[in-house]
Amino acid sequence: MNYYLIAGERSGDLHGANLIKGIRSRDPQARFRGWGGDLMKEEGMELVTHYREAAFMGFLEVVRNLGTILRMLNRCRRDVEAWRPDALILIDYPGFNLRMARFARKAGIRVFYYISPKVWAWNQDRALKIRRDVDRMFVIFPFEVEFYRKYDYEVEYVGNPLMDAIASFRPDPGFRAAHGLEGERVIALLPGSRLQEISKILDDMLRVIPFFPDHRFVVAGVKDLPASLYHAALRHPRVQVVDEAAYDLLSVSEAALVTSGTATLETALLDVPEVVCYKTSNFSYQLAKRLVRVPYISLVNLISGKEVVRELIQGALTTDNLVRELKSIVEGGAGRAAQLSEYARLRDLVGAPGASERTGARIVGLLSSP
């Protein structure tokens, strides 16, 4: 069968690649085409558009690039229509993918959604559009099942695909030596994977360095982004940038400063104490404050249902706050043991590996049934 996948972000590329493996294990002759990234391409998907071409973040950024986004939507619709897949598989990325779901439904193409948009956080009426346009939704958080049930829509909880990546990760024993970190106490800086995130948050993270003279700071870099984004980091004598090795970096780190997103959960599942950081334009922040309906922004706290990791958002992302919270979670810090204890409970809540394989099997099974 033919499968058209759409992932618009770096994390979606990872989960899409694992989903392709899951589908192929049940459908060895499967053909894949779509939007995504290098990982999905490596798994054999014919890559039409790379996600970095559509990585617009924040309300103002979307408005400024609305013409580009509309042209991309039209291009994607034409490509799906020409290829005529057996199924359109959407991975998060709601602004784009919900429009593609509506198009595919009208075109008579089966629609599957893997990793629900965070409609429970804001714009909850989108759940009605999902019920209308999506044949089957596969969710990765247990609380999403009950959320959708309120809209008379039954979804399938498949577990969290991050557990697939975590379970398959094997630390590189030569990582410290390769990057001159032997004997060093390392603090990881994960400023995000989008240009807008890094440009707004990395400088704030770097300001803590003078307060930790016994530590080496390592930035998790992204090779597809302009190297100039990391120039400020490289000017510090105790900072270096390591590209495309976030898991290896975290495996040798004592603590981390992490931009809100998927990386907050990855950091926790790898058992590294963290402080969550977030900053956007003042306009986008004020708009989000009025729309968001959840008490936390990090996945760690949302899944746990309480504050496990400290979140420093917008005006609270100050040097004083960062230093205080980071000191509390490094070795000997007062908050370190409590955070690590809660991580054990978090792993139980997230569940076992195999989400991508389970989802792939279900999609093939649903397509094969009358």
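In what follows, every heavy atom counts, from backbone to side chain, and hydrogens, waters and symmetry copies are set aside.
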Joint hydrophobic cluster, V276 plus L202, side-chain heavy atoms closer than 4.5 Å: no
Reported CD1-to-OG1 distance for the pair I140 and T359, which is rounded to 0.5 angstrom: 9.5 Å
For L257 against C277, the heavy-atom pair lying closest together: CB-SG, 4.3 Å
V241 backbone acceptor or donor facing Y230 side chain under 3.5 Å: no
Test of ring centre spacing under 6.0 Å for Y151 and Y153: no
CA sep, side-chain torsions, deciding dist, call: E266, Y247, side chain to side chain donor-acceptor pair (under 3.5 Å): CA-CA 8 Å; E266 292 174 303; Y247 282 17; 2.6 Å; yes
Distance-only polar pair, side chains of S368 and R26, donor-acceptor under 3.5 Å: no
Atom CD of E357: over 12 foreign heavy atoms under 6.0 Å: no
Nearest-0.5 Å distance, CH2 of residue W83 to OH of residue Y3: 10.0 Å
NZ/NE/NH1/NH2 to OD/OE distance under 4.0 Å, D86 and R110: no
Side chain E274, main chain V309, donor-acceptor under 3.5 Å: no
Nearest heavy-atom neighbours spanning R77 and R99: NH2-CB, 4.1 Å
Single-linkage hydrophobic cluster L206~L249, side-chain heavy atoms < 4.5 angstrom: no
Note: K200-E197 ion pair, threshold 4.0 Å (strictly below): no
same_hphob_cluster(L346, L190) at 4.5 Å side-chain heavy-atom cutoff: yes
4.5 Å side-chain heavy-atom contact, K327 and F212: yes
Minimum side-chain heavy-atom gap L299-K118 below 4.5 Å: yes
V219 with L229, same ILVMFWY side-chain cluster at under 4.5 Å: yes
Nearest atoms (heavy-atom pairs only) where L317 meets Y278: CD2-O, 4.2 Å
Trace of the side chain to side chain contact (heavy atoms under 4.5 Å, CB included) decision for V139 with F147: CA-CA 11 Å; V139 301; F147 168 80; over 6 Å; no
Salt bridge flag under 4.0 Å for residues R185 and E331: no
Aromatic ring pairing F138/F112, orientation class (parallel under 30°, perpendicular over 60°, tilted between): tilted
Exam field: side chain S251 to backbone D248, donor-acceptor pair closer than 3.5 Å: yes
For R102, salt bridge (charged side-chain N to carboxylate O under 4.0 Å, His left out) partners two or more places apart: D133
Option among R131, R136, R149 that satisfies the side chain to side chain donor-acceptor pair (under 3.5 Å) test with E154: R149
Whether F96 and W35 hold their rings parallel, tilted or perpendicular, with breakpoints at 30° and 60°: tilted
Residue pair R52 / H50, side-chain donor-acceptor N/O under 3.5 Å: yes
Shortest non-hydrogen separation from G192 to I198 and the atoms involved: O-CD1, 3.5 Å
Residues D13, K41: salt bridge by 4.0 Å N-O rule: no
Residue pair H231, R235: steps toward the side chain to side chain contact (heavy atoms under 4.5 Å, CB included) verdict: CA-CA 6 Å; H231 282 174; R235 286 197 291 268; 4.2 Å; yes
Interatomic distance, M40 atom CE to L14 atom CG [nearest 0.5 angstrom]: 10.5 Å
Contact check, side chains of N74 and F103, non-hydrogen atoms, under 4.5 Å: no
From CA spacing to verdict: salt bridge (Lys or Arg N to Asp or Glu O under 4.0 Å), K306, E342: CA-CA 10 Å; K306 61 180 179 181; E342 288 293 341; 2.8 Å; yes
R358 atom CZ: more than 12 heavy-atom contacts under 6.0 Å: yes
Nearest atoms (heavy-atom pairs only) where I23 meets A30: CG2-CB, 4.2 Å
Working for side chain to side chain donor-acceptor pair (under 3.5 Å), residues Y296 and S304: CA-CA 10 Å; Y296 307 109; S304 300; over 6 Å; no
Polar side chain donor-acceptor pair, Y4 to D79, under 3.5 angstrom: yes
side-chain hydrogen bond (donor to acceptor under 3.5 Å, both in side chains) pairs, two or more places apart, involving residues 164-182: D164-S356
Polar contact flag, side-chain donor to acceptor under 3.5 angstrom, Q29-R24: no
Derivation of the side chain to side chain donor-acceptor pair (under 3.5 Å) call for R310 and S328: CA-CA 10 Å; R310 184 57 56 90; S328 78; over 6 Å; no
Check: R105 and V134 side chains under 4.5 Å, non-hydrogen atoms: no
Donor-acceptor side-chain pairing of Y343 and Q339 below 3.5 angstrom: yes
Shortest non-hydrogen contact from E244 toward D224: OE2-N, 4.4 Å
Side chain to side chain contact (heavy atoms under 4.5 Å, CB included) between R207 and T318, worked out: CA-CA 9 Å; R207 291 191 183 101; T318 65; over 6 Å; no
Test log, rule side chain to side chain contact (heavy atoms under 4.5 Å, CB included), inputs F141 and W120: CA-CA 11 Å; F141 302 120; W120 33 265; 4.2 Å; yes
Rounded distance [0.5 Å steps], CE in M163 versus CG in N18: 13.0 Å
Shared hydrophobic cluster for V258 and L195 (ILVMFWY, side-chain gaps under 4.5 Å): no
